[in-house]
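Note that ligands are numbered from 1 as they come in the structure, with each ligand's atoms numbered from 1 the same way. Just so it is clear, the values below take in all heavy atoms, side chains as well, and ignore hydrogens, waters and symmetry mates.
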Amino acid sequence: MYKLGVIKGDGIGPEIVECSLNVIRNLEKRIGTNIVEYIDLLAGLEAYEKYGSTYPEKTNVMLKECDGLILGPLSTHLYEGSNMPNPSAKIRKNFNLYANIRPIRSIPSSKFQDVDFVIVRENTEGMYADRNMINAPSEFMPDKDTVLSLRLVTRKASRNVAQVAFRLADERNRKQLVSVVHKANVLKKGCGLFLEECNKVKEQYSHISLDDYHIDAFAMYLILHPEKYDVIVTTNMFGDILSDEAAGLVGGLGIAPSLNEGENFAVAQAAHGSAPSIAGKGIANPVALLLSVQMLLNWLGKRYNDKSSLQASTILDEAIWRVLEESDIKTPDLGGNSTTEQVCDEVIKVIYNLPVYI
Ligand code: NAD
């Protein structure tokens, strides 16, 4: 049994996390094996109310005992000051989760069909002020009308994320193409170093093609012919922006999953935020988090060479995609009028109808 931390998060977080746990419980029942033991952990606004911090030390310590984490979205626009750090950034940094893997795939109602690519985003450095320095934010003000923002790019993190991109491009179902997205024409040193490391990793994969694009032009190419791409690798902020754009090509953030991956730890976390305007209404799309949990089960299965976890991830993947492709049960973001719970119940129904070995 894997110990999985569970942080419900803010906004729609508790609704989609509860629903995902219910799906996993039924998945375990279906295959007749218990795979997961849950450890409830506090982070976010509830943790701030109870312990005076959005990421209490107790949560950090308990996470170290876990094999992975299911992390709900967090309302970080409301976090202000040193007692309200972004738990997501802390966890990515503390557990060196250097790759944020964000798959994008068409569903029948998508504006663009035949889209099937994955964005691999560097996750621990870049422009983001809350993860760049050991004890200070990397945005600071020399006077009240001036802000300086630093960007961090290291060889090690660039190489790590490039290795994940090539490993994914080498998988059976992929087109064996890695596209590096950067702005090395202007950010010659930072993006230059990132590109250099990607080119070095390419040397180990002679059968995989590599191309590269400037981020500004790539944002357009992605909309003009999204079906062309396979694995896209880029730095932190470019990846964050591109992946939301990419989600828009296929139906929105409600179906955009992500896995934060390091050597020894992984976190299932939907690509979207806490969606405050629909929180508490029971209509948030649970699919992004469900697909993220599926990625986590797959990661655990591969990491520990564990058939049960791999089998659970295969069944869950098949069930979610059958609901997306064949069912009318959809939340409003996909044009339907079903609730979060109804979508999960539909996924559970399909899980029980699928053969155990697929
Ligand atoms: P958001 O992703 O929460 O919402 C953007 C749009 O997508 C909204 O229209 C929202 O209703 C919709 N949406 C998102 N998830 C959905 C779902 N599961 N089902 C249906 N519709 C969904 O982004 P935002 O509004 O820019 O940010 C809201 C809060 O989330 C902010 O505090 C932001 O900092 C935070 N945020 C957190 C994370 C995270 O915790 N990983 C990621 C991004 C944003």
Undergrad: In this structure, which one of R121, R303, R167 forms a salt bridge (Lys or Arg N to Asp or Glu O under 4.0 Å) with E261?
TA: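 Among R121, R303, R167, the one meeting salt bridge (Lys or Arg N to Asp or Glu O under 4.0 Å) with E261 is R167.
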Undergrad: Quick one: does atom 27 (O) of ligand 1 have a protein heavy atom under 4.0 Å from it?
TA: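 Looking at atom 27 (O) of ligand 1, one finds that no protein heavy atom lies closer than 4.0 Å.
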Undergrad: Which ligand 1 atoms does T76 reach within 4.0 Å, using its non-hydrogen atoms?
TA: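 Selected atoms, number and element: 32 (O), 33 (C), 34 (O), 35 (C).
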Undergrad: What protein heavy atom sits nearest atom 38 (C) of ligand 1, and how far away is it?
TA: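 Answer for atom 38 (C) of ligand 1: G273 CA, 3.6 Å.
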Undergrad: Taking 4.0 angstrom as the limit, do E197 and K200 come out as a salt bridge?
TA: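 A salt bridge is present here (some side-chain N lies under 4.0 Å from a carboxylate O).
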Undergrad: Quick check: does L253 get an N/O under 3.5 Å from an N/O on ligand 1?
TA: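 The answer is no, given that L253 and ligand 1 share no N or O pair closer than 3.5 Å.
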Undergrad: Quick check on atom 9 (O) of ligand 1 - does any protein heavy atom sit closer than 4.0 Å to it?
TA: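 Within 4.0 Å of atom 9 (O) of ligand 1, no protein heavy atoms are found.
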Undergrad: What is the nearest protein non-hydrogen atom to atom 18 (N) of ligand 1, stated with its residue, atom name and distance?
TA: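 Sorting protein heavy atoms by distance from atom 18 (N) of ligand 1 puts N285 O, 3.0 Å first.
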Undergrad: Does even one non-hydrogen atom of S75 get within less than 4.0 Å of ligand 1?
TA: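 Contact present.
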Undergrad: Starting from atom 32 (O) of ligand 1, find the nearest protein heavy-atom neighbour and note its residue, name and distance.
TA: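 Among all protein heavy atoms, the one nearest atom 32 (O) of ligand 1 is H77 ND1, 2.5 Å.
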Undergrad: Out of all atoms in ligand 1, which are within 4.0 Å of some heavy atom of I278? Include the element for each.
TA: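 Reading through ligand 1 atom by atom, the close ones are 20 (C), 21 (N).
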Undergrad: Would a 4.5 Å heavy-atom cut-off, applied to side chains only, mark T33 and Q311 as touching?
TA: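 They are not in side-chain contact.
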Undergrad: Say whether S88, considering both its backbone and side-chain N or O atoms, lies within less than 3.5 Å of an N or O atom on ligand 1.
TA: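 No; the residue has no nitrogen or oxygen that sits under 3.5 Å from a nitrogen or oxygen of the ligand.
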Undergrad: Looking only at protein heavy atoms, which one is nearest to atom 30 (O) of ligand 1, and how far off is it?
TA: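 That would be S274 N, 3.0 Å.
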Undergrad: Less than 4.0 Å between a side-chain N and a carboxylate O, is that true for R25 and E28?
TA: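 Between R25 and E28 there is no salt bridge, as every charged N stays at least 4.0 Å from the carboxylate O atoms.
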Undergrad: Do the side chains of E325 and R105 get close enough for a salt bridge, i.e. N-O under 4.0 angstrom?
TA: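 Looking at E325 and R105, the cut-off is met.
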Undergrad: Does the side chain of N60 come under 3.5 Å of the side chain of Y55 through a donor N or O and an acceptor N or O?
TA: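 N60 vs Y55: donor-acceptor pair found between side chains.
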Undergrad: I need the nearest protein heavy-atom contact for atom 41 (N) of ligand 1: residue, atom name and distance, please.
TA: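 Protein heavy atom at minimum distance: Q269 NE2, 3.1 Å.
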Undergrad: In terms of side-chain geometry, is the basic nitrogen of R102 or D240 positioned less than 4.0 Å from the acidic oxygen of its partner?
TA: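 Looking at R102 and D240, the cut-off is met.
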Undergrad: Looking at P276, which atoms of ligand 1 are within less than 4.0 Å of one of its heavy atoms?
TA: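 Selected atoms, number and element: 28 (C).
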Undergrad: Looking at atom 2 (O) of ligand 1, would you say a protein heavy atom lies below 4.0 Å from it?
TA: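 Protein heavy atoms within 4.0 Å of atom 2 (O) of ligand 1 - there is at least one.
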Undergrad: Work out whether the distance between some heavy atom of T331 and some atom of ligand 1 is less than 4.0 Å.
TA: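 Distance cut 4.0 Å: T331 fails for ligand 1.
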Undergrad: For residues V178 and C198, determine if any side-chain heavy atom of one lies less than 4.5 Å from a side-chain heavy atom of the other.
TA: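 Counting from C-beta outward, V178 and C198 never come under 4.5 Å.
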Undergrad: Heavy atom of A288 under 4.0 Å from ligand 1?
TA: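 Flag not set, A288 not near ligand 1.
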Undergrad: Is any NZ, NE, NH1 or NH2 atom of the basic residue among K302 and E171 found under 4.0 Å from an Asp or Glu carboxylate oxygen of the other?
TA: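 Looking at E171 together with K302, the answer is yes, because their closest N to O distance falls below 4.0 Å.
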Undergrad: Is the closest N or O pair between L74 and ligand 1 shorter than 3.5 Å?
TA: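 N/O-N/O distance under 3.5 Å: yes.
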Undergrad: Quick check: does A275 get an N/O under 3.5 Å from an N/O on ligand 1?
TA: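 A275 vs ligand 1: N/O contact under 3.5 Å present.
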Undergrad: What residue pairs, at least two apart or across chains, pass side-chain hydrogen bond (donor to acceptor under 3.5 Å, both in side chains) with a residue in residues 8-21?
TA: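 For residues 8-21: K8-E18, D10-Y79.
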Undergrad: For ligand 1, does I283 get within less than 4.0 Å through its side chain, its backbone, both, or neither, judged by non-hydrogen atoms?
TA: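 For I283, there is no contact with ligand 1 at all, from either part.
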Undergrad: Test of understanding: with side-chain hydrogen bond (donor to acceptor under 3.5 Å, both in side chains), list the residues that count as partners of D244, not counting sequence neighbours.
TA: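 For D244, no residue satisfies side-chain hydrogen bond (donor to acceptor under 3.5 Å, both in side chains) once neighbours in sequence are set aside.
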Undergrad: Classify the angle between the aromatic ring planes of F218 and Y213 as parallel (below 30°), tilted (30 to 60°) or perpendicular (above 60°).
TA: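 Rings of F218 and Y213: tilted, 30 to 60°.
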Undergrad: Can you pull out the closest protein heavy atom to atom 14 (C) of ligand 1? Residue, atom name and distance to 0.1 Å, please.
TA: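 Sorting protein heavy atoms by distance from atom 14 (C) of ligand 1 puts H272 CB, 3.6 Å first.
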